> 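Below is the structure I would like to discuss, written out as structure tokens.
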Amino acid sequence: MGGMADRPAPHQPADSPPADLPPVLGALARARHRAVEEARQALSHHQLAEDAARAAEREAEAALAREQLAASAMEAGDGAVEAFAAWLPRGRAAIQAARAIAGRAASETAIAVARLTAARGAEEALASQIARRREAAEDALRLAEEEARQELTLRKAAPGR
């Protein structure tokens with residue numbers, strides 16, 4: 001992962017569940033929304049950890065470059081070269097360790113992205129289901145109103161009533 005360009009776009013929070021929902025669906029909608037918020041916070045935490053790990057990796061690489069430059073300078077004596085040779089295994093080990101930590105942090109970030117994506121999908125699926133239920137209820141109400149109007153029209157038109 002890495003820079004901000006790799007980060008998912010912020011998700012707009014869902015509206016609070018409508019008051020006319022059955023209590024179970026309202027509770028589920030709130031739980032799904034909380035899950036998205038928690039996944040977003042976890043992702044933010046992992047992104048910060050990854051950024052710090054990448055910075056440590058860059059610093060370890062920069063330290064190697066500085067030490068190498070100092071040892072290869074014209075004015076550097078044999079002592080500087082010997083010191084660099086003694087330090088080099090530690091410098092390389094620090095780079096490897098920093099890369100391993102950064103790699104694990106990138107994996108944790110990728111997992112957090114996947115969890116946020118799943119939480120958003122679950123929240124959006126429930127919102128779609130709620131919208132379909134609401135549309136079906138509205139359709140049923142319109143149909144009942146139309147049937148009532150038709151019945152009233154038939155009664156008014158029936159002779160002898």
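The first residue in the sequence is number 1, and the count goes up from there. All values reported here derive from a predicted model rather than from experimental measurement.
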> Return the minimal non-hydrogen interatomic distance between Ala105 and Ala53, and the atom names on each side.
CB-CB, 4.1 Å
> Of all heavy-atom pairs between Ala119 and Ala39, which one has the smallest distance, and what is that distance?
CB-CB, 4.3 Å
> Check this for me: does any side-chain nitrogen of one of Arg34 and Glu37 sit under 4.0 Å from a carboxylate oxygen of the other?
no
> Would you call Glu108 and Arg104 a salt bridge, using N to O less than 4.0 angstrom?
no
> As an exercise, state the distance from CG of Leu64 to CZ of Phe84, rounded to the nearest 0.5 Å.
5.5 Å
> Nearest 0.5 Å please: distance from the CD atom of Glu57 over to the CD1 atom of Ile101.
10.0 Å
> What's the shortest heavy-atom distance between Arg32 and Leu126, and which atoms?
NH1-CB, 3.7 Å
> Grab the two heavy atoms, one from Arg90 and one from Ala86, that are nearest each other, plus how far apart they are.
NH1-O, 3.8 Å
> To the nearest 0.5 Å, what is the distance between CD on Glu135 and CD1 on Ile130?
12.5 Å
> At their closest point, which heavy atom of Glu50 faces which heavy atom of Thr109, and how far apart are they?
OE1-OG1, 2.9 Å
> Would you call Arg115-Glu38 a salt bridge at under 4.0 Å N-O?
no
> Just distance, no hydrogens or angles: give the donor-acceptor pairs under 3.5 Å from side chains in residues 136-150, sequence neighbours left out.
| unit_1 | atom_1 | unit_2 | atom_2 | d |
| --- | --- | --- | --- | --- |
| Asp139 | OD1 | Arg142 | NH2 | 2.3 |
| Glu146 | OE1 | Arg149 | NH2 | 2.9 |
| Glu146 | OE2 | Gln150 | NE2 | 3.2 |

> If you look at every heavy atom in Ala98 and Ala60, which pair is closest and at what distance?
CB-CB, 4.4 Å
> Heavy-atom distance under 4.5 Å between the side chains of Leu43 and Arg40, does that happen here?
no
> Got a second to check how far Arg99's CZ is from Arg54's CZ, nearest 0.5 Å?
10.0 Å
